[in-house]
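Here's the structure, in structure tokens; my notes come after.
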Amino acid sequence: MAFGLDSLSISASGLTAQQFRMDVISNNIANADTTQTPEGGPYRREMVVLTPAYAPASSFADALQQASGAVGGTTAGVSDEAVGAGVQVAGVVQDPSPFQLVYDPTNPDAVNGYVEMPNVDISTEMVDMMSAQQAYQANVTAFDAGKQMDMDALTIGQ
């Protein structure tokens, strides 16, 4: 374990993940009225999947050992690989919810007067944005606390 840097790297990974999440939410809001994408059809909402940043066990026996704490010294059933690794973006998935049909005969993408609109709900995006912002702020606070503890530890011997 590196001197105090684990807590900083955990917070840094959280900051990076939340920033990516904010970027995806911003992209969803920007495309809330996009009825035609290069792939065809309306824009489909995207969501970020976050996972712990450690390599998953290669077998059930390894997973069981990691979970029970039999490998590598653990606390409360969490392996050392899981502690101090932070979080990572596992991927971006599209929301499978249906598109909304809106009557707008003046729209060039209208079929029989109805236009398929993206499945982006602005209020949902705003709630997700506030959640990401609060998680980002929590990571900043944890980073500052870790940094202060490291600074205090350096002054113990003086």
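The analysis underlying the following values was restricted to heavy atoms, covering all of them including side chains, and did not include hydrogens, waters or symmetry mates. In this text the structure is predicted, and so the values were computed from the model without any measurement.
Minimum interatomic distance between Ser13 and Ile10 (heavy atoms only, all atoms of both residues): OG-O, 2.8 Å. Of all heavy-atom pairs between Ser7 and Gly146, the closest is OG-CA, 4.0 Å. Taking all atoms of both residues into account, the shortest heavy-atom contact from Ser26 to Met129 is OG-CE, 4.3 Å. Nearest heavy atom pair, residue Tyr43 against residue Phe99, reads O-CE2, 3.5 Å.
Between the CD atom of Gln134 and the OG1 atom of Thr141 there is a distance of 11.5 Å, given to the nearest 0.5 Å. How far CD of Glu125 is from CG of Asn28: 4.0 Å, rounded to the nearest 0.5 Å. One distance of note links CG of Asn107 with CD of Gln36; it measures 9.5 Å at 0.5 Å rounding. With rounding to the nearest 0.5 Å, the separation of CZ in Arg44 from CG in Asp95 is 7.0 Å. We find the CD1-CD distance between Ile25 and Gln133 to be 10.5 Å, quoted to the nearest 0.5 Å.
Here the options are Thr16, Val24, Val48, the test is side chain to side chain contact (heavy atoms under 4.5 Å, CB included), and the partner is Val89; only Val48 passes. Exactly one residue among Ile122, Val120, Asp128 makes a side chain to side chain contact (heavy atoms under 4.5 Å, CB included) with Thr124. That residue is Asp128.
Between the side chains of Thr35 and Asp109, a donor-acceptor pair is found at a separation under 3.5 Å. Looking at Asn31 and Asn27, their side chains do bring a donor and an acceptor atom within 3.5 Å of each other. Checking Arg21 against Ser131 by side-chain atom types alone, a donor-acceptor pair falls below 3.5 Å. The closest side-chain donor-acceptor pair between Gln148 and Asp144, if any, does not fall under 3.5 angstrom.
Contact check for Leu15 versus Tyr136: side-chain heavy atoms found under the 4.5 Å cut-off. The closest side-chain heavy-atom distance from Met117 to Pro42 is not below 4.5 Å.
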| said: Using side-chain contact (heavy atoms from CB on, under 4.5 Å), reason through Asn139 and Gln18 one step at a time and then give a plain yes or no. | reply: CA-CA 9 Å; Asn139 279 297; Gln18 295 305 324; 4.2 Å; yes
| query | Does the pair Leu101 and Val115 meet the rule for a side-chain contact (heavy atoms from CB on, under 4.5 Å), with working shown? | reply | CA-CA 6 Å; Leu101 285 179; Val115 180; over 6 Å; no
| side-chain contact (heavy atoms from CB on, under 4.5 Å) between Gln88 and Leu50: does it pass, once the steps are laid out? | CA-CA 6 Å; Gln88 68 182 5; Leu50 302 176; over 6 Å; no
| task | I would like to know whether Phe20 and Val92 meet side-chain contact (heavy atoms from CB on, under 4.5 Å); could you show each step before the answer? | result | CA-CA 10 Å; Phe20 185 77; Val92 176; 3.5 Å; yes
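Of the possible donor and acceptor atoms, none in the side chain of Ser11 sits under 3.5 Å from a partner among the backbone N and O of Leu8. For the pair Asn119 (side chain) and Arg45 (backbone), a donor-acceptor distance under 3.5 Å is present.
Ion pair Lys147/Asp152 not flagged as a salt bridge, since none of the NZ, NE, NH1 or NH2 atoms sits closer than 4.0 Å to an Asp/Glu carboxylate oxygen.
Surrounding CG of Asp33 are at most 12 heavy atoms belonging to other residues, nucleotides or ligands under 6.0 Å away.
There is no path of hydrophobic side-chain contacts, each under 4.5 Å, that joins Met22 to Met130.
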